[in-house]
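Reading through the structure tokens given below for one structure.
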Amino acid sequence: MTILNSFINLLFPNMCVACGESLIKGEHFVCLKCLNEIPKTNYHLQKENPVEQRFWGKVPIENATSYFFFQKGSKFQHLLHELKYKNNKEIGAFLGKYSTAELINDSFLQKIDLIVPVPLHRKREAKRGYNQSEWICKGISEIMQKPMSARNLIRTQQNTTQTKKSVFERYENTQGIFEVKNTAEFADKHILLVDDVLTTGSTIEACIQELQKVENLKVSVFTLAVAQ
């Protein structure tokens, strides 16, 4: 098998999706050099961190954090492009596991009951073939050993793209587009709401506004990255 694997790697080399260099044994999707070069926020170590502050006075949350900083033209942007548009959904699970392995001992993760991805509209998910946030949740769920619920919080309207919209336009574009199908499934739970990148936070705010209809529900937020 070792000889066969070596031959396969010679014909179809396993390359880092961020830099294009060959991966070495033990590396998956992204080389360690690239992972170390993507700036991390370390917000999980800060009480009342800047991600939490984005939701102050808007919607109630228990905790919130993002793992990486998002910068245009960065290696993380390339990873995100592969995840969302190049059918490389396994990157989502990998990054979910990678980030959660460091955060697993953080106090707020210990209190989570259920992991919930920010949903895509069914038409957009059908076109893409998957929800990238759901794949991030798969990785988180594997490390945390907590269940995932990917079909109870749904997006009922296919809003237009958020790209190039102002903060207020993003807010207007996300109002009333989510629905909880079965409130009993989330009742008395502490859920971790997961998305790929936090920009203005309007999409997550809209999710939480709908989730407030659930009795005795607590919500914490995790995104792979936050836009600076």
Side-chain angles (χ1 to χ4, degrees), residues 28-30 43-44 51 55 59-68 79-80 82-84 87-156 174 177-198 201 203-226:
H28 303 281
F29 302 106
V30 191
Y43 284 163
H44 64 288
V51 171
F55 299 101
V59 288
I61 60 167
E62 297 298 310
N63 300 277
T65 193
S66 301
Y67 190 72
F68 296 110
L79 292 178
L80 186 65
E82 288 281 328
L83 169 61
K84 294 177 71 170
N87 200 36
N88 212 337
K89 54 187 178 290
E90 290 83 3
I91 291 177
F94 168 75
L95 291 175
K97 287 188 286 187
Y98 177 81
S99 54
T100 307
E102 181 174 340
L103 306 182
I104 189 64
N105 293 321
D106 195 77
S107 58
F108 90 86
L109 284 185
Q110 300 299 317
K111 302 172 185 177
I112 297 298
D113 300 307
L114 200 60
I115 303 163
V116 178
V118 169
L120 290 178
H121 188 268
R122 55 183 176 79
K123 289 184 179 178
R124 186 169 294 174
E125 184 171 346
K127 182 178 180 180
R128 183 173 295 170
Y130 56 94
N131 176 1
Q132 72 277 1
S133 296
E134 184 176 340
W135 276 82
I136 296 167
C137 286
K138 288 175 188 268
I140 295 172
S141 176
E142 183 175 333
I143 296 297
M144 289 184 63
Q145 294 295 293
K146 297 286 185 177
M148 176 179 69
S149 173
R151 295 293 177 265
N152 195 30
L153 176 65
I154 63 171
R155 189 181 299 234
T156 57
T174 54
I177 66 172
F178 297 102
E179 178 185 330
V180 176
K181 294 171 64 177
N182 177 15
T183 57
E185 182 180 334
F186 288 164
D188 303 311
K189 297 288 196 306
H190 185 170
I191 71 169
L192 184 66
L193 187 62
V194 176
D195 207 0
D196 49 11
V197 178
L198 178 69
T203 300
I204 290 177
E205 287 175 35
C207 286
I208 297 175
Q209 286 170 358
E210 174 64 21
L211 289 166
Q212 285 182 272
K213 298 177 182 178
V214 179
E215 184 176 358
N216 196 32
L217 175 68
K218 296 179 180 178
V219 180
S220 288
V221 173
F222 175 78
T223 66
L224 274 184
V226 57

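No hydrogens, no waters, no symmetry mates; every other heavy atom, side chains included, goes into these values.
The distance from atom CG of L193 to atom OG of S220, rounded to the nearest 0.5 Å, is 9.5 Å. F186 CZ to E210 CD: the interatomic distance, rounded to the nearest 0.5 Å, is 10.0 Å. Between the CZ atom in F178 and the CD atom in E205 there is a gap of 11.5 Å [rounded to 0.5 Å]. Once rounded to the nearest 0.5 Å, the distance linking CD of E134 with CE of M148 reads 4.5 Å. Rounded to the nearest 0.5 angstrom, R128 CZ and K84 NZ are separated by 5.5 Å.
F222 is listed as a side-chain neighbour of L103, based on a closest heavy-atom distance under 4.5 Å. Counting only heavy atoms from C-beta outward, the side chains of I136 and L95 never approach each other to under 4.5 Å. Between N87 and Y130 the shortest side-chain heavy-atom distance falls below 4.5 Å. Proximity of L153 to V180: side-chain heavy atoms (C-beta onward) are separated by under 4.5 Å at one or more points. Within the 4.5 Å cutoff, no side-chain heavy atoms of V116 are placed close to those of L211.
Taking each heavy atom of I208 and P60 in turn, the nearest pair found is CG2-O, 3.8 Å. Here the closest non-hydrogen pair linking F108 and H190 is O-CE1, 4.5 Å. L224 and G96 make their closest contact through CD2-N, 4.4 Å (heavy atoms, listed as atom of the first residue, atom of the second, distance). Here the closest heavy-atom approach between residue T183 and residue V214 is recorded as O-CG1, 3.5 Å. Scanning both residues, V118 and S133, for their nearest heavy atoms gives O-CB, 3.8 Å.
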Sequence neighbours left out, cut at 3.5 Å: what donor-acceptor pairs do the side chains of residues 139-147 make with other protein atoms?
from	atom 1	to	atom 2	distance (Å)
S141	OG	K146	O	2.5
Q145	NE2	E142	O	2.7
K146	NZ	I112	O	3.3

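There is no side-chain donor-acceptor pair under 3.5 Å between D195 and T223.
The environment of CD in Q110 is crowded: more than 12 heavy-atom neighbours from other residues, nucleotides or ligands sit within 6.0 Å. Other residues, nucleotides and ligands place more than 12 heavy atoms under 6.0 Å from the NZ atom of K89.
In terms of the side-chain hydrogen bond (donor to acceptor under 3.5 Å, both in side chains) criterion, residue partners of D188 (sequence neighbours excluded) are, by chain and number, N216. In this view, E82 satisfies the salt bridge (Lys or Arg N to Asp or Glu O under 4.0 Å) rule with no residue, not counting sequence neighbours. For K189, the side-chain contact (heavy atoms from CB on, under 4.5 Å) test picks out D113, I191, L217, with sequence neighbours left out. Residues satisfying the ring pair (Phe, Tyr, Trp, His ring centres under 6.0 Å) criterion with F94, sequence neighbours excluded, are F29. Not counting sequence neighbours, the partners of E125 by the side-chain hydrogen bond (donor to acceptor under 3.5 Å, both in side chains) test are R151. For K127, there are no side-chain contact (heavy atoms from CB on, under 4.5 Å) partners two or more places apart in sequence or in a different chain. Checked against side-chain hydrogen bond (donor to acceptor under 3.5 Å, both in side chains), D196 has the following partners two or more places apart in sequence or in another chain: Q132. Annotation: ring pair (Phe, Tyr, Trp, His ring centres under 6.0 Å) contacts of F68 (sequence neighbours excluded): F76. By the side-chain contact (heavy atoms from CB on, under 4.5 Å) test, K181 is found to be paired with N152, I154, residues two or more places apart in sequence or in another chain being considered. In this view, E185 and S149 satisfy the side-chain hydrogen bond (donor to acceptor under 3.5 Å, both in side chains) rule, not counting sequence neighbours.
Under the 3.5 Å distance criterion, the side-chain polar atoms of T156 are matched with a main-chain donor or acceptor of I177. Using modelled atom types, one side-chain atom of T65 and one backbone atom of H44 make a donor-acceptor pair closer than 3.5 Å.
Sorted by first and then second residue, the side-chain hydrogen bond (donor to acceptor under 3.5 Å, both in side chains) pairs involving residues 93-105 (not counting sequence neighbours) are Y67-E102.
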